[in-house]
Amino acid sequence: MRALPLLTAGLVLLVAQPAQASRPVQASPPGPLRWGACPAAQKDLVAAGAECGDLTVPLDWSVPDGRTIRIAVSRIKAKDRAHRRGILLSNPGGPGGSGLANTLALRPALRDVADHFDLIGFDPRFIGSSTPLGCGPVPAPAPPRERTSPRRDFEDGVARNRATAARCFAHGDNAALLPHASTRNVARDMDAIRAALGERKLSYYGVSYGADLGAVYTQLFPDRVDRMVVDSSTDPDTTQYELFRRAGKPLESGLDEWAAWTARHAGTYRLGRTAPEVRATVQRLLDRAERRPVPVAGTRLGAPLIRLFLRQFVQQQEDDAALARTVRTLVDAADGRKVRPNPELTGMLAFLNSPEIAASFTGGAVFMCGDGGWPAGGWPGETETYWRNIQHSRAAQPVFGPLVNDMMAPCPFWKTAPREPGTRIANSVPVLMLQAMRDGNVPYDGALALHRKLKGSRLVSADIRSHGVYGRGAQGRTSVPCADRAVNGYLRGGPLPAQDLTCPKGTR
């Protein structure tokens with residue numbers, strides 16, 4: 001249920017983008033939803049007794065009788081049929097996250113509320129089982145250099161991203177499909193699911209990119225919203241690249257929090273007895289890795305990858321110990337000591353060498369690079385712009401500035417233009433918003449900006465360092481009870497909170 005901040009050597013897939021005027025395109029799906037058994041690979045859905053099917057929708061919603069694609073859908077019927085409220089859809093974020101089993105994964109947080117909804121999962125177009133789109137075999141990477149420099153790392157990334165864009169458009173039928181990868185079209189596909197199920201309205205929970213997708217749905221289909229919950233959203237007037245850049249400041253603040261925690265545990269991790277000492281240890285590690293990548297478990301980790309690892313851990317306050325263990329391992333390796341990677345670092349290294357990384361990269365790029373307006377878009381075309389921003393960021397954001405200012409992905413080299421303008425968010429649809437006040441992925445002020453544009457919304461804020469607020473306890477993290485109560489009460493049929501709320505810190 002939580003948004004997946006996807007790890008790749010040059011890409012952290014989050015959310016956000018610019019807003020422009022929009023006009024909804026509405027059409028009825030050309031085919032019915034036929035149910036059958038779920039794929040054996042979807043073990044959780046099979047165990048829950050779910051049914052799965054494919055819905056046929058237009059590739060281009062402005063040409064409803066033209067070429068079609070398939071959307072993979074799952075359903076778990078409401079247990080309490082006498083008090084059934086309707087259908088609940090969800091999106092796990094990314095963009096590019098598979099959502100077929102995502103609404104099922106919400107059940108522990110939903111508790112009894114789940115019994116009143118048909119839980120509907122779906123893979124967004126071109127993701128997972130929904131007319132999947134790939135970019136072909138990824139060439140074997142060159143062995144990491146023993147010596148490097150920040151400029152050389154940057155130029156390597158530019159070359160990889162340029163090659164990825166070319167490969168994506170040359171592979172298979174992608175040139176015809178990619179222009180139709182847009183958040184607006186995913187929202188239309190959601191509405192097609194609603195219509196195919198014979199429902200007048202739908203309810204929805206979305207986190208991260210999924211939150212922005214929910215906001216787009218409210219704009220395109222305001223009369224078809226029953227209960228809308230969006231968790232960890234972004235400023236709709238900010239481009240994707242600017243959203244990445246804005247994350248630098250809260251990420252540095254999160255690292256300050258972690259450094260203070262680590263200093264209190266100096267006897268365990270030996271990274272420094274004060275927060276400034278811990279920060280200095282991290283900086284020395286990065287400065288060394290920018291010249292000589294750190295050898296760990298048969299590979300070499302350069303500074304860009306180490307920064308990415310740091311970001312993965314610092315975004316959740318419960319991962320402070322995991323981050324400290326990882327930094328300790330990397331410092332020892334950089335000092336030439338023989339190390340056994342800690343479990344968290346081992347997991348990241350395994351992911352980087354797994355087949356899943358290619359699918360994650362493709363799914364995110366398809367929407368981040370191809371979407372015309374929020375949530376996507378806004379990539380500087382000149383590569384030197386990124387380099388200048390990287391260098392200028394180092395003074396104020398020495399750890400994360402070089403990472404967030406280098407988030408070009410293959411987007412500057414994408415070969416298709418948006419088919420329609422982006423979505424300007426401005427409506428009065430009732431929406432329940434959730435946001436962590438110390439979110440290092442999508443800064444809090446972005447949620448405030450969206451809150452002002454969703455004039456019928458109420459905002460529940462949580463004073464935690466986290467990406468995602470709802471259902472944290474069900475994932476073994478520190479819960480935010482007042483947020484969970486607000487969501488479940490609203491989905492159960494209660495009113496929105498009378499005013500915005502700030503939740504006290506919860507307990508496990």
Side-chain angles (χ1 to χ4, degrees), residues 1-6 13-15 33 38-39 41-55 70-78 86-111 113-130 132 183 186-187 189-194 197 202-217 227-233 356 359-360 363-364 366-367 375 432 434 441 467-477 484 487-488 491:
M1 59 174 284
R2 189 67 62 223
L4 178 65
L6 300 170
L13 304 178
L14 306 170
V15 279
L33 233 172
C38 290
Q42 293 285 348
K43 296 179 180 179
D44 291 340
L45 288 171
V46 172
E51 51 192 347
C52 290
D54 288 335
L55 178 64
R70 294 175 295 103
I71 304 299
V73 185
S74 69
R75 176 173 68 179
I76 299 173
K77 290 185 177 180
I87 58 173
L88 176 65
L89 282 70
S90 70
N91 181 276
S98 170
L100 199 61
N102 190 66
T103 314
L104 167 64
L106 292 172
R107 259 202 320 203
L110 290 167
R111 301 185 179 183
V113 175
D115 296 341
H116 301 282
F117 285 95
D118 289 355
L119 304 180
I120 308 298
F122 74 101
D123 283 342
R125 56 173 53 203
F126 310 133
I127 304 299
S129 299
S130 292
T183 300
V186 175
D189 297 341
M190 285 171 52
D191 201 58
I193 294 171
R194 174 204 60 77
L197 293 172
L202 62 76
S203 294
Y204 176 86
Y205 169 84
V207 61
S208 196
Y209 168 84
D212 298 343
L213 170 61
V216 170
Y217 187 89
R227 303 279 144 156
M228 176 67 62
V229 182
V230 298
D231 187 341
S232 306
S233 50
E356 287 82 4
S360 299
V366 160
F367 286 96
L432 181 60
L434 310 175
N441 277 354
H467 185 54
V469 175
Y470 178 62
R472 299 183 90 248
Q475 292 193 330
R477 299 189 182 277
D484 291 351
V487 172
N488 289 350
L491 291 175

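Computed over heavy atoms, backbone and side chain alike; hydrogens, waters and symmetry mates excluded. Note that the coordinates shown come from a computational prediction; the quantities given were computed from them, not determined experimentally.
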Seminar exercise, completed: Between V216 and A187, the two heavy atoms sitting closest are CG1-CB, 4.2 Å

For this session: Step by step, work out the side chain to side chain contact (heavy atoms under 4.5 Å, CB included) result for L104 and I76.
Result: CA-CA 8 Å; L104 167 64; I76 299 173; 3.4 Å; yes

Exercise. How about L197 and L202: do any of their side-chain heavy atoms sit closer than 4.5 Å?
Worked result: no

For this session: Grab the two heavy atoms, one from Y204 and one from G214, that are nearest each other, plus how far apart they are.
Result: CE2-CA, 3.6 Å

Seminar exercise, completed: Rounded to the nearest 0.5 angstrom, the CE-CG distance for M228 and L491 is 11.0 Å

For this session: Identify, with sequence neighbours excluded, every residue that meets side chain to side chain contact (heavy atoms under 4.5 Å, CB included) alongside P39.
Result: Q42, C52

Seminar exercise, completed: Note: S208 and G93 closest approach over all heavy atoms is CB-CA, 4.4 Å

Tell me which donor-acceptor pairs under 3.5 Å the side chains of residues 117-124 have, and how far apart each pair is, sequence neighbours excluded?
{"residue": "D118", "atom": "OD1", "partner": "A78", "partner atom": "N", "Å": "2.8"}
{"residue": "D118", "atom": "OD1", "partner": "R81", "partner atom": "NH1", "Å": "3.0"}
{"residue": "D118", "atom": "OD1", "partner": "R84", "partner atom": "NE", "Å": "3.3"}
{"residue": "D118", "atom": "OD2", "partner": "R84", "partner atom": "NE", "Å": "3.3"}
{"residue": "D118", "atom": "OD2", "partner": "R84", "partner atom": "NH2", "Å": "3.0"}
{"residue": "D123", "atom": "OD1", "partner": "S98", "partner atom": "OG", "Å": "2.6"}
{"residue": "D123", "atom": "OD1", "partner": "G99", "partner atom": "N", "Å": "2.9"}
{"residue": "D123", "atom": "OD1", "partner": "L100", "partner atom": "N", "Å": "3.0"}
{"residue": "D123", "atom": "OD2", "partner": "S129", "partner atom": "N", "Å": "2.9"}

Exercise. When rounded to the nearest 0.5 angstrom, what is the spacing between CG in D189 and CG in L213?
Worked result: 10.0 Å

For this session: Measure across C38 and L45 and return the closest heavy-atom pair with its distance rounded to 0.1 Å.
Result: SG-CB, 4.1 Å

Exercise. Is there a side-chain contact between T183 and D212, using heavy atoms and a 4.5 Å cut-off?
Worked result: no

Problem set entry | Note, S90 side chain near L106 side chain (heavy atom, < 4.5 Å) | yes

Problem set entry | Main-chain N/O of D191 paired to Y217 side chain as donor or acceptor, under 3.5 Å | no

For this session: Only counting residues at least two apart or in another chain, list the ones meeting salt bridge (charged side-chain N to carboxylate O under 4.0 Å, His left out) with D484.
Result: none

Seminar exercise, completed: Those residues at least two apart in sequence (or on a different chain) that pass side-chain hydrogen bond (donor to acceptor under 3.5 Å, both in side chains) with R227 are none

Exercise. Has the side chain of S232 got a donor or acceptor atom that lies under 3.5 Å from a matching backbone atom of G468?
Worked result: yes

For this session: Taking all heavy atoms of R194 and all of I87, pick out the closest pair and write down the distance.
Result: CA-CD1, 4.1 Å

Exercise. Does anything in residues 42-54 pair up under salt bridge (charged side-chain N to carboxylate O under 4.0 Å, His left out), and if so which pairs, sequence neighbours excluded?
Worked result: E51-R75, D54-R70

Exercise. Using a distance-only test with no angle check, is there a side-chain donor-acceptor pair under 3.5 angstrom linking N91 and Y209?
Worked result: no

Problem set entry | Note, Y470 side chain near L110 side chain (heavy atom, < 4.5 Å) | yes

Problem set entry | Heavy-atom pair with the smallest gap, counting every atom of G128 and P132 | O-CB, 3.2 Å

